[in-house]
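Got a structure here, written out as structure tokens. Questions coming.
Remember, predicted model here, so these are calculated numbers, not experimental data. Convention: sequence-line order gives letters A, B, ...; per-chain numbering from 1.
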Amino acid sequence: MEHVTLLIGIVIITALVFDFTNGFHDTANAMATTISTGALKPKTAVAMSAALNLVGAFISVQVALTISKGIIDESAGVHPEVIFAGLVGAILWNLVTWYAGLPSSSSHALMGGLIGATVASVGLAGVNGEAVAEKVLIPAIAAPIVAGIASLLATRLTYRIGRDADPKATAKGYRAGQIASAGLVSLAHGTNDAQKTMGVITLALVTGKVIAPDANPPLWVIISSGMAIALGTFIGGWRIIRTMGKGITDIQPPQGFAAQTGAATVILASSHIGFSLSTTHVVSGSVMGAGLGRKGGVVRWSTAGRMLAAWALTLPAAGLVAAGAALLADQGTWGVAVVALLAAAGCATIWVASRRKPVDHTNVNDGAVDETGVVTTAIAAVTPPPAGSLPADGLTATIPAPAGTPVAPVSPTDPAQATA
Amino acid sequence: MNIDWAALGSVLGVSLAVTVGLVGVFTLGIVGLSKEGAVAARTGAYAAFAVCAAAVAYGIYIIVA
């Protein structure tokens, strides 16, 4: 460890911050429906999810050093500055979407960041465009469809079988079922996503020649990655939990059970068969499917539309911010320092903005009553943070994408929201 | 572009079958338990829960392995 340079140290800290935002962002995937149906108290739910994420980080031993699954040419393109810039892009986009309460894929943010940083630093040749379509675009379209159909049919079936039963008598059973499948999602998340950070840190150590290329990640890497993701999960991205659990559709216990079981099944089936799907996309699709599966169930398409817009923007937005960061960081030590300072300032700005109308475990289930408020908040939400972080990337003109585009899909759906 | 339709198809097929199957079996279980006094329903319910527990165990096995 005595060979860890300042730059590698900064990369490691940034990777752990990303890991934290990853856990924070994805708590909703496992626990949103469990919380909104009241199967678990909010604090209990995030504590359970955090514990299972931590366990998940330790039980799987395969750490992928190919963090980008062949999308970028890691042997040619990756040096610590690029990894650092990619992480900065991913972190900022994760925070912007969290502030807007939109579930978006942390893996897409990381990939987008790495792609953007690689293009800025090495050029287009460092990126495999076909792989982007194969590994990112197609799964992003497939995931919500597969999960949505499975959960829709399962919801129909469970309502049909249970139609003569007394809801009070079955409530306990649905509660247990939801907790079990939410637990599986948490465990799978810990094994997959904590691994990503371990891979990033290990790659940084390898490129910095601190450890040998074929070495396993040191124990402190495994422990710190597991702790960071668990802490992020425990702090809980309540804004996203509210959107997922209340904003898309009103979830009842049988729907929550069907949605969560469908999500757990699709996640495990896809990782087992080798057609990897993003947890966020799967769970969002499941919740929509469950919403459509109940008679009288309503999916709020305006919320779903905003969510889809955020998904489409994740890769380019994180990529643009990362590209700007990479151009700066490649200038040398001062560039890295400037990027680090601007990133910290951007994070602080978003956090301060979020305190104006905080969402936490006490009001996480109030989403539905405040629906117009949610929309206006989301519009207001999407606008200020990039403006606040304007100095962060003003030099490289990366602001327009994150600032301008998310607003566009929101406005047309707004009247529909008001009349709904 | 080389989309692995076979893998995508199997993910869809397996997900549909397992989700609908498990949710169905589990619901039969909780409906069975909600009928008071029926011994056959109760036994069937426990059998259904055993199937679901086995599925969860297999899920954990997939995660760990």
Side-chain angles (χ1 to χ4, degrees), chain A residues 56 59-60 130 133-134 137-139 142-143 145-147 149-151 153-166 168-174 176-177 180-181 183-184 187-188 190-192 254 257-258 261-275 277 282 286, chain B:
Chain A
I59 54 176
S60 184
E130 262 193 25
E134 265 171 52
L137 299 183
I138 303 296
I145 297 175
V146 171
I149 296 174
S151 297
L153 295 178
T155 306
R156 288 231 171 113
L157 181 70
T158 194
Y159 272 107
R160 186 161 180 80
I161 295 175
R163 68 184 185 276
D164 297 329
D166 176 14
K168 274 188 205 133
T170 56
K172 209 174 144 195
Y174 279 125
S181 36
L184 272 185
L187 195 64
T191 49
N192 286 330
F257 167 61
T261 305
T265 309
V266 173
I267 290 164
L268 292 181
S270 69
S271 66
H272 194 53
I273 293 171
F275 198 93
L277 299 175
V282 168
S286 277
Chain B
M1 189 160 55
N2 186 12
I3 302 170
D4 194 346
W5 290 111
L8 182 55
S10 5
V11 171
L12 178 64
V14 170
S15 300
L16 279 182
V18 174
T19 306
V20 172
L22 271 184
V23 168
V25 168
F26 191 84
T27 312
L28 285 176
I30 54 182
V31 168
L33 271 194
S34 72
K35 287 176 187 152
E36 298 200 2
V39 179
R42 191 159 273 271
T43 319
Y46 287 128
F49 291 141
V51 171
C52 295
V56 171
Y58 183 63
I60 293 174
Y61 167 76
I62 287 179
I63 294 173
V64 174

Checklist entry - Between B/Val56, B/Leu22, B/Thr27, which shows the greatest number of heavy-atom pairs under 4.5 Å with chain A? => result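 Among B/Val56, B/Leu22, B/Thr27, the one with the most close pairs to chain A is B/Thr27.
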Taking side chain as everything from C-beta outward and backbone as N, CA, C, O, which of these in A/Ile145 sits under 4.5 Å from a heavy atom of chain B? Side chain, backbone, both or neither.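 Nothing of A/Ile145, per the 4.5 Å heavy-atom cut-off to chain B.
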Examine whether an atom of B/Ile62 lies under 4.5 Å from a heavy atom of chain A, and if so say whether it belongs to the side chain, the backbone or both; otherwise answer neither.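 The side chain, not the backbone.
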Worksheet entry | Closest non-hydrogen atom pair, B/Phe26 against A/Phe257 |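 That would be CD2-CZ, 3.3 Å.
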Counting heavy-atom pairs under 4.5 Å with chain B, the top scorer among A/Leu184, A/Asp166, A/Thr155 is A/Leu184
Turns out that what part of B/Tyr58 lies under 4.5 Å from chain A's heavy atoms comes down to side chain
d(B/Ile63 CD1, A/Leu187 CG) to nearest 0.5 Å is 4.0 Å
Filtered by a 4.5 Å non-hydrogen cutoff, the part of residues 7-21 of chain B contacting chain A is B/Ala7, B/Leu8, B/Ser10, B/Val11, B/Leu12, B/Val14, B/Ser15, B/Leu16, B/Val18, B/Thr19, B/Val20
| field | Closest approach of A/Ala258 to B/Val23 (non-hydrogen atoms, all atoms of both residues) | value |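 Taking A/Ala258 first and B/Val23 second, the nearest heavy atoms are CA-CG2, 4.1 Å.
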On a heavy-atom basis, the closest approach of A/Ile161 and B/Gly24 is CD1-O, 3.7 Å
Next on the checklist: I want to check something: taking the side chain as every heavy atom from C-beta on, are B/Val31 and A/Asp164 in contact at a cut-off of under 4.5 Å?
Outcome noted: no
Expected list for residues 37-54 of chain B: side-chain donor-acceptor pairs under 3.5 angstrom, two or more places apart:
unit_1	atom_1	unit_2	atom_2	d
B/Arg42	NH1	B/Tyr46	OH	3.4
B/Thr43	OG1	B/Val39	O	2.7

